[in-house]
S.K.: 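Okay, here's the structure, questions in a sec.
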Amino acid sequence: MDDFFNTDDGIQGQSGPPANAPLAEQLRPKNLEDVVGQDHLVGEDGALKRMIMAGKLSSIIFWGPPGTGKTSLARLLANETDLHFRAISAVFSGVADLKKVFAEAEQRQKTGQQTLLFVDEIHRFNRSQQDSFLPYVEKGTVILVGATTENPSFELNAALLSRAQVLILNRLDSGALGELLTKAEALTGSALPLTDNARQALLASADGDGRFLLNQAETLFSLDIEEPLTPEALAKLLHRRMAVYDKDREGHYNLISALHKALRGSDPQAALYYLARMLVAGEEPLYVLRRIVRFASEDIGLADPQALVQALAAKDAYDFLGSPEGELAIVQACLYCATAPKSNAAYKAQKSAWKSAKQTGSLMPPQNILNAPTKLMKEIGYGQGYAYDHESDQGFSGDNYWPEEMKPEQFYEPVDRGFEHKIRERLEFWENLRREKAR
């Protein structure tokens with residue numbers, strides 16, 4: 001496996017890719033100025049530019065979506081700093097491969113040359129494998145440059161992160177993607193056979209992935225197309241890139257967080273957009289429904305009690321209809337929750353009540369509100385003096401229901417929105433009656 005991605009033939013002075021190499025490889029940037037879409041890193045004030053100008057390169061973790069230039073930047077860093085470039089992929093490498101790489105780097109260090117070790121998909125290494133980098137990074141045997149599409153906070157050891165600088169690569173915007181197409185046309189000497197609208201559609205189909213865009217362009221260059229393609233003709237010819245979405249990784253949590261925040265912010269349009277993003281990408285509809293049900297209780301509560309009813313009805317409808325018909329019920333519940341009055345009073349009340357229950361332990365309720373199913377319990381006072389509210393004026397006795405050792409607490413404080421406005425009025429009414437009866 002040690003030969004995978006191996007570039008021991010060196011970066012410096014390389015003659016470039018062969019003529020039959022993929023277009024994306026032929027257009028790989030030769031210097032930092034050729035890199036597109038990452039000006040915050042390679043511009044005059046960029047972190048990488050400053051490292052190179054200072055002549056001191058530290059270990060780096062490149063974090064960004066696919067096709068944004070992580071591998072290209074690692075190669076350029078080695079070239080700009082005269083480091084020996086060594087690349088491995090965590091997908092295909094194991095402990096034996098790492099040991100060999102470290103041994104070679106130690107030998108090279110004895111001759112006065114450091115090694116820039118590029119590890120693609122570094123998050124694929126397990127924790128112990130990641131730990132194996134630490135002594136070699138600390139001794140300066142290797143300058144580690146890792147590339148990952150996953151959030152390093154979740155996927156990489158804290159010890160490794162503390163020894164490396166995390167640099168974020170941006171998803172390529174339409175301007176950067178357009179620049180790539182212009183470079184491709186200049187290299188091939190041909191214009192893409194597309195109308196202006198089709199060209200924009202091609203850029204949009206890449207979803208920020210430069211490699212995917214160049215692969216699509218290479219397909220178009222290889223075809224004998226007489227008339228410029230319209231967006232409709234282009235769609236029939238090429239497939240659109242699937243959205244980046246792993247149901248157990250950061251993209252999943254980012255989108256569900258965005259959906260929840262848009263619902264809470266009463267923005268039905270944005271909420272529907274993020275709902276669509278998740279379902280189109282293949283998210284399990286029942287997972288989304290569980291989050292909407294939770295939202296109905298946590299962020300709407302009694303401000304609109306029908307929100308929970310709508311969310312559960314959507315779950316039943318989806319169970320009955322399945323996809324795609326049942327997804328409309330999910331949309332309905334999403335829109336209902338987004339447009340409902342909001343209150344987290346029930347949620348806050350639960351947290352306060354749970355905290356109080358843990359702090360007060362096993363305090364006995366007042367004896368007068370306890371049932372007395374046996375003679376002994378009656379004799380010791382259980383149930384004596386209980387005021388039956390239905391026989392009281394206005395159906396309210398104003399009795400005390402708290403343990404004697406505990407003062408009454410205020411857990412639930414309804415807001416002045418939606419149905420909770422009426423609940424607040426009721427509570428105030430009963431509190432006034434309680435005060436009157438206490439006189």
Side-chain angles (χ1 to χ4, degrees), residues 245 247-248 250-323 325-360 365 401-402 408-431:
Y245 188 80
K247 289 189 279 187
D248 63 343
E250 194 198 13
H252 159 86
Y253 296 107
N254 284 346
L255 288 184
I256 196 61
S257 176
L259 172 61
H260 198 129
K261 302 300 193 304
L263 289 170
R264 181 182 291 155
S266 300
D267 189 333
Q269 319 303 339
L272 189 55
Y273 168 71
Y274 290 117
L275 174 67
R277 282 274 302 273
M278 297 184 77
L279 293 182
V280 167
E283 181 58 77
E284 173 58 50
L286 287 176
Y287 170 79
V288 179
L289 279 165
R290 282 194 294 272
R291 303 318 306 161
I292 293 177
V293 169
R294 168 67 184 188
F295 178 87
S297 293
E298 179 180 338
D299 286 278
I300 298 175
L302 291 170
D304 186 349
Q306 280 297 312
L308 184 57
V309 176
Q310 285 280 333
L312 290 172
K315 183 263 182 187
D316 289 342
Y318 181 80
D319 279 343
F320 184 59
L321 295 174
S323 291
E325 291 89 347
E327 292 173 6
L328 181 57
I330 305 177
V331 169
Q332 179 176 325
C334 172
L335 294 176
Y336 191 98
C337 288
T339 55
K342 306 299 188 296
S343 170
N344 68 343
Y347 173 64
K348 292 168 64 177
Q350 180 200 13
K351 294 180 68 175
S352 298
W354 263 236
K355 180 179 179 181
S356 179
K358 292 175 182 177
Q359 291 174 342
T360 54
Y401 302 99
W402 294 86
E409 294 191 34
Q410 190 81 8
F411 302 133
Y412 177 51
E413 298 184 19
V415 301
D416 199 24
R417 294 186 294 275
F419 186 67
E420 283 198 335
H421 174 76
K422 292 187 176 295
I423 294 176
R424 176 185 284 274
E425 291 179 346
R426 292 178 190 171
L427 293 179
E428 290 173 351
F429 173 72
W430 287 326
E431 186 58 30

S.K.: Would you call Tyr401 and Pro365 a side-chain contact if the rule is heavy atoms closer than 4.5 Å?
M.R.: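 Not in contact.
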
S.K.: Determine the minimum heavy-atom distance between Ser297 and Leu308, stating which atoms define it.
M.R.: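 It is OG-CD1, 3.8 Å.
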
S.K.: Can you list every pair that meets ring pair (Phe, Tyr, Trp, His ring centres under 6.0 Å) and has a residue in residues 290-312, with sequence neighbours left out?
M.R.: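 For residues 290-312, and leaving out neighbouring residues, the ring pair (Phe, Tyr, Trp, His ring centres under 6.0 Å) pairs sorted by first residue read His260-Phe295.
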
S.K.: Without swapping roles, check the side chain of Arg424 against the backbone of Pro414 for a donor-acceptor pair under 3.5 Å.
M.R.: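 The answer is yes, because a donor-acceptor pair under 3.5 Å joins these two groups.
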
S.K.: Determine whether Tyr273 and Arg277 satisfy the following criterion, side chain to side chain donor-acceptor pair (under 3.5 Å), listing intermediate values before the conclusion.
M.R.: CA-CA 6 Å; Tyr273 168 71; Arg277 282 274 302 273; 2.9 Å; yes

S.K.: Rounded to the nearest 0.5 Å, what separation is found between the CD1 atom of Ile330 and the CG atom of Leu279?
M.R.: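 One finds 5.5 Å between CD1 of Ile330 and CG of Leu279.
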
S.K.: Working to the nearest 0.5 Å, report the span between CG of Leu275 and CZ of Arg291.
M.R.: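 The distance works out to 14.0 Å.
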
S.K.: Given side chains that start at C-beta, do those of Leu302 and Ser343 come closer than 4.5 Å, heavy atoms only?
M.R.: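 Sidechains of Ser343 and Leu302: no contact.
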
S.K.: What pair of heavy atoms forms the shortest contact from Leu259 to Ala271, and how long is it?
M.R.: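 Closest approach of Leu259 to Ala271: CD1-O, 3.2 Å.
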
S.K.: If I compare all heavy atoms of Ser266 with all of Ala340, which pair ends up nearest, and what's the gap?
M.R.: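 In terms of heavy atoms, the two residues are closest at OG-O, 4.4 Å.
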
S.K.: Got a second to check how far Ile292's CD1 is from Asp299's CG, nearest 0.5 Å?
M.R.: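 Between Ile292 CD1 and Asp299 CG, I get 12.5 Å after rounding to 0.5 Å.
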
S.K.: State, to 0.1 Å, how close Ile300 and Pro341 come at their nearest heavy-atom pair, and which atoms those are.
M.R.: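 For Ile300 versus Pro341, the nearest heavy atoms are CG2-O, 3.4 Å.
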
S.K.: Got a donor-acceptor contact below 3.5 angstrom from the Thr339 side chain to the Tyr336 backbone?
M.R.: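 Such a contact is found between Thr339 side chain and Tyr336 backbone.
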
S.K.: Could you tell me if the side chain of Lys351 sits less than 4.5 Å from the side chain of Phe411, heavy atoms only?
M.R.: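 Side chain of Phe411 against side chain of Lys351, heavy atoms only: no contact under 4.5 Å found.
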
S.K.: Roughly how far, to the nearest 0.5 Å, is the CD1 atom of Ile423 from the CD atom of Glu413?
M.R.: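 Going from CD on Glu413 over to CD1 on Ile423, the span is 13.5 Å.
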
S.K.: Begin from the C-alpha positions of Ser323 and Tyr318 and carry the test side chain to side chain donor-acceptor pair (under 3.5 Å) through to its verdict.
M.R.: CA-CA 7 Å; Ser323 291; Tyr318 181 80; 2.7 Å; yes

S.K.: Is it the case that Glu420 and Tyr412 place a side-chain donor and acceptor less than 3.5 Å from each other?
M.R.: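 Yes, side-chain donor-acceptor contact under 3.5 Å.
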
S.K.: Are the side chain of Asn344 and the backbone N or O of Tyr347 linked by a donor-acceptor pair below 3.5 Å?
M.R.: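 Such a contact is absent between Asn344 side chain and Tyr347 backbone.
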
S.K.: How long is the gap from CG on Leu272 to CD on Gln269, to the nearest 0.5 Å?
M.R.: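 Nearest 0.5 Å value for the CG-CD distance: 7.5 Å.
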
S.K.: Side chain to side chain contact (heavy atoms under 4.5 Å, CB included) for Leu286 and Asp319? Distances and angles first, verdict last.
M.R.: CA-CA 9 Å; Leu286 287 176; Asp319 279 343; 3.7 Å; yes

S.K.: May I ask you to test the Tyr274-Lys261 pair for a side-chain heavy-atom distance under 4.5 Å?
M.R.: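 No, side chains not in contact.
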
S.K.: From Arg264 CZ over to Cys337 SG, what is the distance, rounded to the nearest 0.5 angstrom?
M.R.: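 Output value for this atom pair is 12.5 Å.
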
S.K.: Tell me whether Lys348 contacts the main-chain N or O of Ala346 through its side chain, where contact means a donor paired with an acceptor under 3.5 Å.
M.R.: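 Here the side-chain-to-backbone pair does not exist.
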
S.K.: Can you name the nearest heavy-atom pair linking Leu263 to Lys342, along with the distance?
M.R.: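 It is O-CE, 3.0 Å.
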
